[in-house]
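One structure is given below, encoded as structure tokens.
Within every chain, numbering begins at 1; the chains are lettered A, B, ... in the order of the sequence lines, protein sequences first and strands thereafter. The structure presented is a predicted model; accordingly, all values stated were derived computationally and were not measured.
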There are 2 protein chains.
Amino acid sequence: MTKELSFEEVARSLHSNAIHLLRRVRTEDSAMGIGPAQASALSVVVFGGPLTLNELAGAEQVRPPTMSRVVEALVREGLVRRQINKEDRRSVKIFATDKGTKIIHEGRNRREKRLIKLLSQLGTDEIRCLGRAARILSRILVADHA
Amino acid sequence: MTKELSFEEVARSLHSNAIHLLRRVRTEDSAMGIGPAQASALSVVVFGGPLTLNELAGAEQVRPPTMSRVVEALVREGLVRRQINKEDRRSVKIFATDKGTKIIHEGRNRREKRLIKLLSQLGTDEIRCLGRAARILSRILVADHA
DNA sequence: TTTGCATACTTAGCATAGCTAATCATTAGC
DNA sequence: GCTAATGATTAGCTATGCTAAGTATGCAAA
């Protein structure tokens, strides 16, 4: 039971688990009524405060034209609003509306419930192990954010 | 440092880590020269042996028409071949070609290298922790596969 | 056996989301 | 004040998701 995993095996297993975990929670997202790119971008706006289109594109790792269209759709649906930046009138600040904020919090709750249900099968020791692992991963994933 | 994470925080953190981890390794995938849906489907065919279109669609959680088109593209690129099932001539078995197998193995290696490089910052204890966590996750993610 | 329904896949047509190239407006530098 | 750089958008392509409808095959019951 305490068989040692090789370095490569840990990498492979983490990779596989990440895929399966996200596949699991994503089944809840259809309830939001918006596509995955819109949901992800809106989430960044809600939790990351107002930011410019370029910043948002960077955060989502897509090109500005792609994000421009996603934001356009979110504006049409009343989930964010655009506002010209006073300091630099070329750029646009994107703000979440109350409606957008509400949708994201509800979606987040659904995803979280799904995960918690999954984790509820585990014992205290195992949860503690996952918690520690999560902390380690956060550190190295955020660290070389470049 | 050993602050206890709540149940919800573990769920949230795992979720966030999964997102960031996949975002990281996916940067390697452009080198394969095929889109993400094609890469993922081809990977299933390569590692999961020959299977029918319906099975493949189920594995990828997409509808048959979507998978039909993805397979069509893979056939055009010489990465898989279709073969009518002898037992039930309505269905189609999908086989990976040598070229498809090669592409997937190379991609897998690139992703793995990326992850290993990331993990190389960690100490033995931390790797062991991640290994154990990965094992736990695998168990509960594969368990209620329904 | 043939009639009729179910199943496996494909085709057609639509929406979302990714990209590059080109355009427009604004800012910054000389 | 020009010119270059920068932020965003528009246009147009590809890829990938869906549903509805069509085709071919299999199965079962009349």
Inset, instruction - Provide the closest heavy-atom pair for B/R82 versus B/S68 in the form atom of the first, atom of the second, distance. - result: NH1-O, 4.1 Å
Inset, instruction - Could you check if a side-chain atom of B/E112 sits within less than 4.5 angstrom of a side-chain atom of A/H15, using non-hydrogen atoms only? - result: no
Inset, instruction - Determine whether A/S91 and A/N54 make a side-chain contact, defined as any pair of heavy atoms from C-beta on separated by less than 4.5 Å. - result: no
Nearest whole Å is fine: how far is [N] [atom2] from [X] [atom1]?
X	N	atom1	atom2	value
A/I34	D/dC18	CD1	P	17 Å
B/R82	C/dC9	CZ	P	11 Å
B/E77	D/dT14	CD	P	13 Å
A/E60	C/dC19	CD	P	11 Å
A/D29	D/dG17	CG	P	15 Å
B/M67	C/dT10	CE	P	11 Å
A/E55	D/dA8	CD	C1'	13 Å

Inset, instruction - Using the closest heavy atom to pick a nucleotide of DNA chain D for each, name whichever of A/E72 or B/R69 lands nearer the 5' end. - result: A/E72
Legend entry - Comparing A/R76 and B/P64 on DNA chain C - which has the more 5′ nearest nucleotide: B/P64
Legend entry - B/N85 and B/T52 side chains, donor-acceptor separation under 3.5 Å: no
Inset, instruction - Could you verify whether a donor N or O on one side chain and an acceptor N or O on the other, from B/N17 and A/S138, lie under 3.5 Å apart? - result: yes
Strictly below 4.0 Å: does [X] bring a side-chain N or O up to OP1 or OP2 of [N]?
X	N	value
B/R63	D/dG17	no
A/T66	C/dC19	yes
B/S68	C/dT10	yes
B/Q38	D/dT16	yes
B/N54	C/dC9	yes

Inset, instruction - If a protein heavy atom is under 4.0 Å from the base, mark B; if only from the sugar-phosphate, S; if neither, -; do that for nucleotides 22-30 of chain C going 5' to 3'. - result: ---BBS---
Inset, instruction - Quick one: pull up CZ in B/R111 and CG in B/L21 and give me the separation to the nearest 0.5 Å. - result: 9.5 Å
Inset, instruction - Determine which pairs satisfy ring pair (Phe, Tyr, Trp, His ring centres under 6.0 Å) with at least one residue from residues 41-71 of chain B, sequence neighbours left out, and list them in order. - result: B/F47-B/H105
